[in-house]
2 protein chains.
Amino acid sequence: MSTITDVAREAGVSVATVSRALRGLDRVSPRTRERVLKVANELDYVASPTATSLASGRTQVVGVVAPFLTRWFFATLVSAIEKTLRQHDHHVLLFDLEDDTYDQRLPLSQNMLWKRVDGVITLNLPMTQDELDLVDRLGLPLVAIGTPVADRPNVRIDEAQAMRTATEHLVSLGHERIAYIGAVPSNKAHIRTPQARLDAFREVMQSHGLAEHKQWILGSDWSADSASADTHTLLASDDRPTAIAAASDEMAIGAMAAARAQGLHIPEDLSVIGIDDHALSNVLGLTTVRQDVAAQGRQAAEILLRSLGVATDGGDETEVVVPTELVIRASTAPPTAL
Amino acid sequence: MSTITDVAREAGVSVATVSRALRGLDRVSPRTRERVLKVANELDYVASPTATSLASGRTQVVGVVAPFLTRWFFATLVSAIEKTLRQHDHHVLLFDLEDDTYDQRLPLSQNMLWKRVDGVITLNLPMTQDELDLVDRLGLPLVAIGTPVADRPNVRIDEAQAMRTATEHLVSLGHERIAYIGAVPSNKAHIRTPQARLDAFREVMQSHGLAEHKQWILGSDWSADSASADTHTLLASDDRPTAIAAASDEMAIGAMAAARAQGLHIPEDLSVIGIDDHALSNVLGLTTVRQDVAAQGRQAAEILLRSLGVATDGGDETEVVVPTELVIRASTAPPTAL
DNA sequence: CTGAAAGCGCTTACAG
DNA sequence: CTGAAAGCGCTTACAG
């Protein structure tokens, strides 16, 4: 592979001129630029990113940090971010902080970031003060998707609004006996989403004067398997709800499956609603509150690019709330008892 | 942040010695090494990866190239690869080559790889000759997961065996009228998985003297939505199968949903089997042929690390076939008509 | 508009 | 065992 020196020699100019010409800086005569471009092209020249980084201090790489990767929500975000960044010649260095034991994630370290990335995008990741200090010390701009990180730019949905919409939908159908799946895991009390959604559920129930049954607030761990197991227990009781509001579609899918396995019909015997509009929700007929996950990834990437001085259209908002939308499908209906 | 010069000054040695001491090379006296380590630690010193790369020619970064990211299979691979690489101080630079129009992916370019990665892992990605030439020209080792790439090391399941297992399971239950979902998309004839699975299905059908109905071989596009739509059409006919073999769990889930939407009961009226053991398959009671996707990611990463001279345990195989396993759940049973 | 030179922060022979 | 020096391949003032 050829270097900038090869191009300079071949074009009969200095490497400084090649550098300027190729990067489109001014102060290069059109004729010179043209010649340099031609030679560079002939030689298949691509600047060594490693040398460019050392000299310029920029890597054109963004660290994307996720607590998991295998869930639909995160994979969709990463995909959208990668595409947006690539359009502006930036790349994503991926960090999956999931611990093998699932109960504690790996911390962000100087090793991962220092001189390696120009900025960081966090995906629903509460950061410790140490991590925040690190990012600051390294001078890295940061954009948080979902869970906010201090006062950094943030892209998210209105969590409370989403769950209010879901709950109101059930109430408007006539449900009064509503269970909730997706309470706050005790080891994840620092994540904001679960708490916000649960609070919103309670708020709507209260506002309609509906009783909250303690044993109808299920923890689950935000997986379909766990939601299914919890729902089995819930429905085994004589005193059962007519509807379930799940804090995510994956949990809602688990709940539906458990109900069916017990011989119940959906929505006749039990209504189920989720939040997300997961890739499989349409096919499974799940009523849900849709959030545009890819849009959140795109917007976060754009905000970060802007803070890196890379031109992108759009304003300079630093706080984006992506709208959600009720999508009614076959899993919700008025309670049969009515 | 401090540089190697700071450490050298503080420790009273040359930068060359610091470099050697920190990288654990021999020819450094224990006392000197200790002092250097201590100072480096005090100064929070981390070598600039960008400078290290320029000097050494290695980036400690591996390019992971996927045709999509949002499907469970790919996200699971990426997650496993990332963790394995990180254990050996390597990072993943992610490329999602999915085109916005879905019918043609972006090509790998010199820009993405040159001096940016030490090696490449492809995820079910058939490479063009141009791309292969590029990788060779750049001298990058490559490991292919799933779809093989020329004679490069390859990690996969036995596609034919997996579909044979699935089909044999249906036949052993007494099914004779079996449909197939997941034929080869015309625009993806170069991907090997669909063809291998379809061939295996046909082989088993023939070996049992069972007739293949042309209209029972459904194309779908490997998405649940498409499989659902195709199944709707299939089941609307009077002449319908008693079982469906789907080439992936996501399609099987779509098929089950469509059957239920038409009032059919699973498995009484229709048996459905998939391949994968998708994260939601357990909860949905889908019988499937399980493949250990994370293990494939781990092994591919290890093979690549070895070819980079990074010590990992394990042999030096270059061709790994990960075993699959029939997992019988509630979606398959003998045909009722029998 | 263009070039010579310093500098980015490491690694790697080469001497000693 | 240790250091001085060259080199990796760019970018960036600084002159002219």
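Sequence lines set the chain letters: A, B, ... in the order given, protein chains first and strands last, and positions in each chain run from 1.
- Regarding contacts with the backbone of dC8(C), every side-chain N or O of Ser53(A) stays at 4.0 angstrom or more from both OP1 and OP2.
- Put simply, CG on Leu54(B) is 8 Å from C1' on dC10(C), counting in whole angstrom units.
- dG9(C) atom C1' lies 15 Å from atom CG of Leu43(B), rounded to whole Å.
- Between Leu142(A) and Val149(A), some side-chain heavy-atom pair lies under the 4.5 Å cut-off.
- The heavy-atom pair separating Val36(A) from Val13(A) by the smallest distance is CG2-CG2, 4.1 Å.
- Both distances falling under 3.5 Å, in either a Watson-Crick or a G-U wobble arrangement, occur for no nucleotide opposite dA4(D).
- Listed pair Thr17(B) / dT2(D) fails the phosphate criterion, with no side-chain N or O lying under 4.0 Å from OP1 or OP2.
- Between the CG atom of Leu25(A) and the P atom of dC10(D) there is a distance of 15 Å, given to the nearest Å.
- Atom CZ in Arg116(A) sits roughly 14 Å away from atom C1' in dG9(C) (whole-Å rounding).
- The closest side-chain heavy-atom distance from Arg20(A) to Arg33(A) is not below 4.5 Å.
- Remark: dA13(C) base-pairs with no nucleotide; criterion is Watson-Crick or G-U wobble with both hydrogen-bond distances under 3.5 Å.
- Distance, Lys115(A) NZ to dC10(C) P: 9 Å, rounded to whole Å.
- Spacing between atom CZ of Arg9(A) and atom P of dG3(C) amounts to 15 Å, rounded to whole angstrom units.
- Inter-residue side-chain proximity for Gln296(B) and Ile157(B) is flagged as met; some heavy-atom pair is nearer than 4.5 Å.
- Residue Ser29(B) places at least one side-chain N or O under 4.0 Å from the OP1 or OP2 atom of dT2(D).
- Side-chain atoms of Ala55(B) lie closest to dG7(D) of the nucleotides dT12(C), dG7(D), dA13(C).
- Look at Ser14(A) and you won't find any side-chain N or O under 4.0 angstrom from OP1 or OP2 of dA4(C).
- Distances shorter than 4.0 Å separate none of the side-chain N or O atoms of Thr50(A) from OP1 or OP2 on dC8(D).
- Checking the phosphate oxygens (OP1, OP2) of dT12(D), a side-chain nitrogen or oxygen of Arg23(A) falls inside 4.0 Å.
- The Val28(B) side chain lies nearest to dT2(D) when the options are dT12(D), dC10(D), dT2(D).
- More than 12 heavy atoms of other residues, nucleotides or ligands shown are found within 6.0 angstrom of CD on Glu319(B).
- The distance from atom CD of Gln60(A) to atom C1' of dG9(D) is 16 Å, rounded to the nearest whole Å.
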